[in-house]
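Take a look at the structure below.
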Amino acid sequence: MYYQTQHYYDQHIDGVFKFLFEHQPKKIKQQQYQQVLAYFKQLDIAALYLLFALVQEYLPKRAKILCMAEDYQGKQEMLLEVMAHLVKN
């Protein structure tokens with residue numbers, strides 16, 4: 001069976017990925033945070049693994065090693081912590 005995450009989740013994954021890696025003023029990130037958090041929470045397990053893979057590919061080598069050591073729950077918590085840190089005053 002083929003599981004397709006493309007149509008519904010692409011915008012959600014893209015929104016979270018851009019929030020994490022695009023440089024924007026903190027005020028804009030703060031305005032986007034609730035929407036991006038909602039996108040993240042709507043992703044199913046397959047879409048989250050796709051997001052984890054995309055994030056891991058974008059990271060520098062040492063950060064990849066740390067990311068690879070985390071399990072599913074750890075990766076999920078790590079991304080939530082990073083998103084919260086980006087909007088922290």
Side-chain angles (χ1 to χ4, degrees):
M1 178 182 233
Y2 176 69
Y3 185 82
Q4 187 172 4
T5 61
Q6 281 212 316
H7 300 295
Y8 179 70
Y9 292 118
D10 275 354
Q11 291 177 342
H12 290 44
I13 292 169
D14 189 51
V16 174
F17 190 80
K18 285 181 178 180
F19 182 82
L20 290 168
F21 292 106
E22 272 189 2
H23 178 63
Q24 295 173 334
K26 186 173 272 192
K27 187 170 185 154
I28 292 175
K29 289 227 187 242
Q30 289 171 335
Q31 293 170 351
Q32 295 173 339
Y33 179 66
Q34 291 302 320
Q35 182 65 43
V36 171
L37 189 60
Y39 284 166
F40 185 82
K41 290 180 178 183
Q42 290 174 3
L43 297 175
D44 66 3
I45 191 167
L48 279 170
Y49 271 112
L50 177 59
L51 177 62
F52 297 156
L54 292 171
V55 167
Q56 193 168 330
E57 283 299 312
Y58 200 76
L59 296 174
K61 188 175 183 178
R62 288 185 180 169
K64 281 182 189 181
I65 293 169
L66 291 174
C67 190
M68 287 185 336
E70 293 289 341
D71 62 358
Y72 173 81
Q73 186 68 32
K75 288 178 183 177
Q76 196 173 21
E77 290 171 3
M78 177 184 59
L79 289 181
L80 288 170
E81 288 174 15
V82 169
M83 288 190 294
H85 178 76
L86 290 173
V87 297
K88 191 176 177 180
N89 289 329

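You'll find the side chain of Leu79 reaches within 4.5 Å of the side chain of Leu51, heavy atoms only. For the pair Leu54/Tyr49, no side-chain contact is recorded, criterion being any heavy-atom separation below 4.5 Å from C-beta on. Phe19 has its side chain out of reach of Tyr39: every pair of non-hydrogen atoms, C-beta onward, lies at least 4.5 Å apart.
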Q: Would you sort out whether Met83 and Val16 count as a side-chain contact (heavy atoms from CB on, under 4.5 Å), showing the intermediate values?
A: CA-CA 9 Å; Met83 288 190 294; Val16 174; 4.1 Å; yes
Q: Please test Leu48 against Phe40 for side-chain contact (heavy atoms from CB on, under 4.5 Å), starting from the C-alpha separation and ending with a verdict.
A: CA-CA 8 Å; Leu48 279 170; Phe40 185 82; 3.6 Å; yes
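Aromatic ring pairs are classed by plane angle as parallel below 30°, tilted from 30° to 60° and perpendicular above 60°; the pair Tyr9 and His12 is perpendicular.
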Return a table of donor-acceptor pairs under 3.5 angstrom between the side chains of residues 55-69 and protein atoms on other chains or two or more places apart.
none

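If you chain together hydrophobic residues whose side chains sit under 4.5 Å apart, Ile28 and Val87 never meet in one group.
Residues passing the side chain to side chain contact (heavy atoms under 4.5 Å, CB included) test with Glu22 are Lys18, Gln24, sequence neighbours excluded.
To the nearest 0.5 Å, atom CG of residue Leu37 and atom CD of residue Gln42 are 10.0 Å apart.
Contacts classified as side-chain hydrogen bond (donor to acceptor under 3.5 Å, both in side chains) and involving residues 68-81 (residues at least two apart or in different chains) are given here: Gln73-Glu77.
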